[in-house]
Amino acid sequence: MTTQHHKLVIIGSGAAGCSAAIYAARAGLAPAMIRGMQPGGQLTITTEVENYPGFADAIEGPWLMQQMEKQAENCGTQLVNDFIKEIDVHANPKTMLGESGTTYTADAVIIATGASAKWLGMESEAKFNGRGVSACATCDGAFYRNQKVAVIGGGNSAKEEALYLANICDHVTLVHRRDSFRGEQILTDRVLAHDKITVKWDSAPDEILGDEGPTGGVTGMRLKSTKTGATEEIDVHGVFVAIGHKPNTDIFKNQLDMDETGYLDVTAGTVDALHNGQKVAGVFAAGDVADNVYRQAVTAAGMGCMAALDVNRYLDNLEAAAAA
């Protein structure tokens, strides 16, 4: 087991983490960015990105995150392939234990752990996970080329998944428990106009059907009306779950304040993490882990910038106090 000390550790490597790393490195803090279990964050499972400033044409999410990481590294960030499983945010220095067995200590920490896909919680969903059930169309869509698939959800993520799969698959059934979509109207218009997408309104998955044998997989899905309770079966070979995300904050329970859904609370207008309503010195939260309203790549990157600037001021104040 080894111990590493850094002025700043950034936990997470999505848009918020990379932005924080770029600004912190340029300030001479030589940050370490712990890449986590999903390096690059949610943009690595996003297909075309049309709303990130600076690109006239749509770009691929994975490519954008590769560029952000390279930029952070070129500025002086140390990229660390590890996953933080324990942390003491109240210790000085802050202390973290990685899955690798390495202990990391830091004068300041930026939490940019993002959020992860939610699942339906059905037994049949778990049974066929990886054998026809997925939460990532860009990861697994190619397995279902020229086949029929279904997407579960009604927000932007579900619509993006359906549009992506419609370019690969024979047909896409988009299953939504309500009678109207949430999110961006432009995506709604594209879905409703697409001749390879059928929307099942007021419907929810009742059972995922399939062959449970060693070489089997999903063969269909039973849907249940949310209004009448009536059921129907549809033939699909892939089911993509896109019903939202859960913030990755489990390791901060009882250490930092969270809202009822698990998103970290921060001081209004800042990125200061809180405990019992008070700022936790040297701990900052940026990106989707602390944002249950906007949840956009550009807002996450902006929060990462704010966190790095705040860390720089915090460390300057610490040095000034020590020298006094």
Q. Is it true that a side-chain atom of Asn248 and a backbone atom of Thr113 form a donor plus acceptor pair closer than 3.5 Å?
A. yes
Q. Is there a donor-acceptor contact under 3.5 Å linking the side chains of Ser100 and Asp82?
A. yes
Q) Aromatic rings His176 and Phe181: how do their planes relate, parallel, tilted or perpendicular, breaks at 30° and 60°? A) parallel
Q: Measure from the ring center of Phe240 to the ring center of Tyr144 and say whether it is less than 6.0 Å.
A: yes
Q: Look at atom CG of Leu192 and say whether more than 12 heavy atoms of other residues, nucleotides or ligands are closer to it than 6.0 Å.
A: yes
Q. Are the side chain of Ser124 and the backbone of Met122 linked by a donor-acceptor contact shorter than 3.5 Å?
A. no
Q. Judged by modelled atom types alone, do Asn292 and Asp259 share a side-chain donor-acceptor pair under 3.5 Å?
A. yes
Q. Is the backbone of Gly121 close enough, under 3.5 Å, to the side chain of Glu125 for a donor and an acceptor to pair up by distance?
A. yes
(Q) Applying a strict under-4.5 Å side-chain criterion to I, L, V, M, F, W and Y, I'd like to know whether Val218 and Ile243 cluster together. (A) yes
**Q.** Whether His171 side chain and Lys196 backbone form a donor-acceptor pair below 3.5 Å
**A.** yes
Q: Rounded to the nearest 0.5 Å, what's the gap from OG on Ser157 to CZ on Arg182? Could you check?
A: 9.0 Å
Q. Is the backbone N or O of Arg178 less than 3.5 Å from a side-chain atom of Ser180, with the two atoms forming a donor-acceptor pair by type?
A. no
Q. Would you say the side-chain atoms of Asp206 pair up with the backbone N or O of Arg222, donor to acceptor, closer than 3.5 Å?
A. no
Q: Report yes if some heavy atom in the side chain of Ser116 is under 4.5 Å from a heavy atom in the side chain of Lys246; otherwise report no.
A: no
Q: Assess the side chains of Gln255 and His90: does a donor N or O sit below 3.5 Å from an acceptor N or O?
A: no
